Amino acid sequence: MSAHDDSTRPRGGVGESRAARWRAWWRWRPEAISARFVALVAGIIFFFLAVLTQGVLPFIEPSARTTEVTAVVRTDYGQLKWMLSDATDYTPTQQLGRQIYLREGCWYCHSQYVRPVTGETRRWGPVSEAGEYAYDVPHLFGTRRIGPDLTRVGLKYSNEWHFAHFWNPRELLPDSIMAPYRGLFDTPRDPVKIVDDGAGNRTLENNAVTQKLFDFSSKVQVKLTPNAGGLLFVPLEARDKAPAIIVPNNEYIGNTVMIAAETKELEGLIAYLQKLGMNRGKWRDVFEPQQLEVTQATLPRSSEWIAYGRVVYERRCVGCHGAKGDGNGPAATFLYRQRPRSFAAAVFKFRLTKEPVPTDGDLLRTITRGVRGTAMPPWYELPLTDRLAVIQYIKYELAVDRSDPAKPYSFFIEEPPGAPLHIQRPPTPSQQILVRGKEVWQIAKCWECHGNTGRGDGEKAAGLKDDLGFPIPPADLTTGQFKSGPAVEDIFRTMTTGLSGTPMPNYRDSLPEEDRWALAYYVLSLSAFTDPITGEPLPIAPADRTALNDPKLQADTPDKAYIPNGRAQRTGGSKAARGSPRGAAAAKQP
Amino acid sequence: MAEVLPAERLHGRFAGINLDDLVDWVVVRTWLYFGMFWLLVTPSIGVALSSLFNHPDYLGNAIGLTFGRLRPVHVNGVIFGAFSTLFIGECYYLVPRLCGVRVVWPQLGVPLAWLWSIAVFAGLVSLAFGQNHGLEAGELPLFAEIPIFIVVATVTAQFLITIGQRLEPPLYVALWYLIATFIWTTMNLVLGSFILPYTISGINSAAFHGLYIHYIVGLWLTPAGYVLIYYFLPVSAHNPLFAHKLSLVGFWSLALFYPFVGIHHYLYSPIADWAETLAIITSMLLIIPVWTVLVNFFGTMTGKWHEFGRNLPAKFLIMGSLMYLVGCFQGSTEALRSIQQPTHFSDFVISHSHLTVFGTFVVWAMGGLVYVWPRAFKREIWSFRLGNWSFWLITVGISTMGLVLTAAGLQQGFQWMSGTEWLDTVVWMQPYWLVRTMSGISMDIGMSLLVINLAMTALTSQVVAPAPAIEPGVIPVGRPAE
């Protein structure tokens, strides 16, 4: 092209031949390039050529502008299946949180896409899809992982865990290098006195500071516990409640507390984090690394393993469970809805054994999976030996009654666990089983605590306490966040053994096995086709629900996702580009 | 510098011109003063931040002093403060000398320098107070972006008009790059400042942002750095440019390939695979311009290596070229999918960005600064010995940082791939991060000594004959115009 540009080629005669022109082109010298040529060709044409091919053309592809994602839903029969659905926009609270995330530069250290690269899908979850980002302006992909990727962080940790973590990451995880975000808390400068409310209860003094945080005239109380250092966390939900300071086991013995209160910004930021990855539905319930079924696995009881377990404990557990294992770590005040477990009494919720103590396998299952909906995160990333070693430390050093220093009583030595329960193969779910399950729900009075719809709002819900005197809310069964696990066997286990230390009884003797299975399936059906954050029903047509309910429908991976009726037409051209596997799955619908 | 070249040795239409008379020294000095201020401040913020990796609580609990708030101050400060201010200042020196005419609108130079630095300062301070657009290298708030855009656009117009009035029609290589740099960046700032934060969503936001961020490094820092070294290396080495044909290959391959590479920041993301592949191919093709310009630079030193030890500007320029060789080899290879698996997201990328942005472009700008500054005061540099200390402290610092972060990045990247628990990999990084901070301190001391040296050059009174130093072989490379 340059040969035809008058200003760039060497000047020749008027009537030069074609050959002469070519020779002139070959003799073309760098110093003959004009400024205009550089400006137009390099400066403008090449620039816009690149913007066109690398920016505009990818933009034009329909798959780049879609809201379509694959998501996991729970069917009425408790199965978990992938289906095509649409990503949803952020709520105003989540959008506020996104602004905070952006403002604080969280994205410099935390990326937001899971690559199909070795390790990432086992560390974080399914590979990212374009539709997940449909509502992101600007994108927050990030370029560095000083901290972990956050694409799949939603509901991995509870809100309470995030409170503690933002306050001081190193309280939870001493090796963390994340900045403390105390600036996101409301921290009144002066200490607040703990006073008697006249009815024998301890409350906070009513002054200008606390009036902003509580409603002292309310009949409803919010029960809070300071940590041993006198720090008291106050959640936003306390605004319309009266404070009650409870220290049933002398968690704090001082007379004043320093307050760290949740702010709207912090609420939004955590709401945003919980939303991340949730466009993929209940994917975590089919996330293999977090699934572990084990009845027995153990390391030999040796001082070396116990010593190593202590190292693990002090790097991972000490913030909540405390150095002494009494559940009164410095982060415990943030965990106001559900206190961290005290190991001292050797009471453990999740067992396959009869009470009191669990096997190492039970503890390993809990540590690996975490306790969904609580501040106990899953530890599947931790090496297996670390997990088993910390169990040794908990069993032989922390689960010891030292009230008589001369004669410490080690529960796991004096009362070793019995044989684990063997869970049979579950019956095939059916409409009849669900009907029976609902009858059992009524007969066993599950609704007294969990509420008629399973929202955890039953008439007895408010007053429930655990074995240490702390309030414990009954589970909301509609979100599908089950403490002990998302499979029907997990629910069955909980029915059978109960949850020690909580008001949840065992039904091993009072309900026959078939009824426990029926009830387990019914409990799972309460979170069928619901949103994992809100528990609200998803917009899925009845015909699609019927098709998804079919046990024969295989939709166990994203590429086999079920395609709702009418969806192929709606998304038009992009369907053909995605290839046949999903189409094949759809064709198999009965 | 004592060498004095008679004006008569300039031939063609430059004959009889004293090039020193063409330079607006006040403008050059003002820009360079600000440049030295940024050179002192913004890299130091990086050093302060790097200590957070080993001692995460040492800056206290103030939210304005968290890593997330201060990282963009460091990055934007080095790009728009330290490098860009020095670069524009040095352009005010070299453009009139290459064109044989004064820069047009001379009264604008100083106000532009103030506007630029005040805008950058206000923008950086506001970052610490929580203004952030959420786009890497495009974080600055609108009240800083508008003046920055105005200054770049005005300087672009100034230089383009000046170049249009040049005495000799042939353009020296440095001017090709200068024309392209300013046009690209004026357009790119529109994309990054006024479009990206507000409109495009989702993965398209990422694709366009990939373009923007790489236009900042590829179409601003890189060609701007070339402007400086193509000018200052021949004049400081007293040697003509090695090969003009090579510079032709270098320029056009850079101009063609560099605009395409942006999406290599987001490989394996949901962005279309073909667009990612195109970015990878062009990233690899960038080896062509990089190696051709480097051959040119080292070739230009041919026959002058015996003077190299005493030639401070050339030492900076050649050291920067070595860093460029290493940094760009990293850059091209880490764009490959297989190499990106372990290296992306790790300190390998940080090693690459420091070797190129600091090790190359800021170092080249410092080379130009060391060359121009004494001439702006018609003096010798205050202390060559101190300047040499600066050079070695910076060289040892950036070399160590490049090595240690490459090693750290590879280790952590492979640990991630092998499934090592996250915090365990963080613990393994601690020694590397400590060495990184040390290397940063070394660079920081070197730069501080350099600024002290140059300040003393300006402040101490020396008696030197006002001798314009004009070197052959640079300006009228072609034949005299007809």
Side-chain angles (χ1 to χ4, degrees), chain A residues 30-33 35 38-39 42-44 46-47 49-51 53-55 58-59 61 64-65 102-109 111 113 115-119 122-123 128-130 133-141 143-145 148 170 173 175-183 381-383, chain B residues 53 56 61 63 66-69 71-72 130 132 134-136 163-164 170-171 176 179-180 183-184 187 196-197 201-209 211 244-245 247-248 255-256 259-260 262-263 265-266 268-272 275 278-279 341 345 349 416-417 419 421-423 426-427 477-478:
Chain A
E31 58 268 27
I33 297 173
V38 170
I44 299 197
F46 286 0
F47 182 91
L49 190 66
V51 171
T53 56
Q54 294 296 83
F59 181 86
E61 276 201 28
R65 286 171 293 124
L102 202 150
R103 180 188 82 189
E104 297 307 332
C106 306
W107 47 280
Y108 292 117
C109 299
S111 61
Y113 63 102
R115 305 180 297 170
V117 170
T118 318
R122 294 193 69 76
R123 196 187 290 275
S128 297
E129 291 178 356
Y133 302 95
Y135 298 98
D136 285 7
V137 183
H139 82 100
L140 292 170
F141 275 18
T143 52
R144 177 77 172 94
R145 286 176 181 161
R170 273 161 296 293
L173 302 161
D175 298 321
S176 167
I177 59 167
M178 179 166 138
Y181 280 92
R182 299 196 188 180
E381 254 190 67
L382 210 58
Chain B
F53 286 70
N61 293 320
I63 201 161
T66 54
F67 182 82
R69 289 276 182 98
R71 181 193 188 270
N132 193 323
L135 293 159
E136 207 168 350
I163 289 168
L171 283 171
W176 307 343
I179 293 167
I183 291 180
W184 282 329
M187 295 190 296
L196 277 180
S201 69
I203 63 167
N204 297 306
S205 172
F208 275 103
H209 175 240
L211 293 183
H244 282 276
K245 292 259 156 136
S247 56
L248 188 77
L256 184 58
F260 287 81
I263 292 175
H265 289 253
Y266 302 119
Y268 290 113
S269 76
I271 297 172
L278 203 53
Q341 287 191 14
F345 296 124
V349 181
W416 289 339
M417 286 176 76
E421 197 269 337
W422 185 270
L423 275 176
V426 172
V427 172
V477 289

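Per chain, numbering begins at 1; letters A, B, ... match sequence-line order. Owing to the predicted nature of the structure, the values given are computational and were not obtained by experimental measurement. These numbers come from the heavy atoms of this one structure, side chains and all, not from hydrogens, waters or symmetry mates.
With a 4.5 angstrom heavy-atom cutoff, A:Glu61 touches chain B only via side-chain atoms. Both the backbone and the side chain of B:Leu423 come within less than 4.5 Å of a heavy atom in chain A. For B:Arg71, the part lying near chain A is the side chain, with the backbone staying farther off; criterion is any non-hydrogen pair under 4.5 Å. Interface remark: A:Leu382 contributes backbone and side-chain atoms alike to the contact with chain B (heavy atom separation under 4.5 Å). For B:Leu135, the parts lying near chain A are the backbone and the side chain together; criterion is any non-hydrogen pair under 4.5 Å. Contact annotation for A:Ala64: both backbone and side-chain heavy atoms come within less than 4.5 Å of a heavy atom of chain B. With a 4.5 Å cut-off on non-hydrogen atoms, A:Arg123 touches chain B through its side chain but not through its backbone. Contacts between B:Phe208 and chain A at a heavy-atom distance below 4.5 Å involve the side chain alone, from C-beta outward. Contact of B:Leu196 with chain A is made through the backbone alone, with heavy-atom distances under 4.5 Å. Using a 4.5 Å cut-off between heavy atoms, A:Cys106 does not touch chain B at all.
Side-chain atoms of A:Glu104 do not come within 3.5 Å of backbone N or O of B:Gly68 as any donor-acceptor pair. The closest donor-acceptor contact from the side chain of B:Trp176 to the backbone of A:Val38 lies at 3.5 Å or more, if one exists at all. Formation of a donor-acceptor pair under 3.5 Å by the A:Trp107 side chain with backbone atoms of A:Thr143 is not found in this model.
When only modelled atom types and interatomic distance are considered, B:Gln341 and B:Tyr268 share a side-chain donor-acceptor pair under 3.5 Å. Between B:Ser205 and A:Tyr133, the side chains place no donor N or O within less than 3.5 Å of an acceptor N or O (distance only, hydrogens not considered).
Geometric assessment of A:Arg65 against the ring of A:Phe59 yields a positive cation-pi assignment under the 6.0 Å and 45° thresholds.
What you find for A:Pro180 and B:Asn61 is that their closest heavy atoms are CG-OD1, 3.3 Å. Closest non-hydrogen pair, A:Ile177 versus B:Phe53, comes out as CG2-O, 3.4 Å.
Comparing B:Pro72, B:Ala206, B:Ala255 by heavy-atom pairs within less than 4.5 Å of chain A, the highest count is held by B:Ala206. Comparing A:Arg144, A:Arg182, A:Met178, A:Glu381 by heavy-atom pairs within less than 4.5 Å of chain B, the highest count is held by A:Arg144. Listed options A:Ser176, A:Pro148, A:Gly183 were ranked by heavy-atom pairs under 4.5 angstrom with chain B; first place goes to A:Pro148. Contact count versus chain A (heavy atoms, under 4.5 Å) is highest, among B:Leu211, B:Ile203, B:Val427, for B:Ile203. Interface remark: of the candidates A:Ile44, A:Leu140, A:Thr53, A:Leu173, A:Thr53 forms the most heavy-atom pairs closer than 4.5 Å to chain B. Heavy-atom pairs under 4.5 Å with chain B peak, among A:His139, A:Arg103, A:Arg122, at A:His139. Among the candidates B:Ile183, B:Val349, B:Ile271, the residue making the largest number of heavy-atom pairs closer than 4.5 Å to chain A is B:Ile183. Options B:Ser201, B:Ala180, B:Pro270, B:Ala207 differ in how many heavy-atom pairs under 4.5 Å they form with chain A, and the most are formed by B:Pro270. In terms of heavy-atom pairs under 4.5 angstrom with chain B, the leader among A:Pro383, A:Pro116, A:Cys109 is A:Pro116. Taking chain B as the reference chain and counting heavy-atom pairs below 4.5 Å, the highest number among A:Gly105, A:Gly119, A:Pro138 is found for A:Pro138.
For the salt bridge (Lys or Arg N to Asp or Glu O under 4.0 Å) test, residues two or more places apart in sequence or in another chain that qualify with A:Arg145 are A:Glu120, A:Asp149. Applying the salt bridge (Lys or Arg N to Asp or Glu O under 4.0 Å) test to A:Arg170 and every residue at least two apart in sequence or in another chain returns B:Asp57.
Ring planes of B:Tyr266 and A:Phe141: perpendicular class, angle over 60° (limits at 30 and 60°).
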- prompt: Yes or no on ring-ring contact (aromatic ring centres under 6.0 Å, His included) for A:Phe47 and B:Phe260, after CA distance, side-chain angles and deciding distance?
  reply: CA-CA 8 Å; A:Phe47 182 91; B:Phe260 287 81; over 10 Å; no
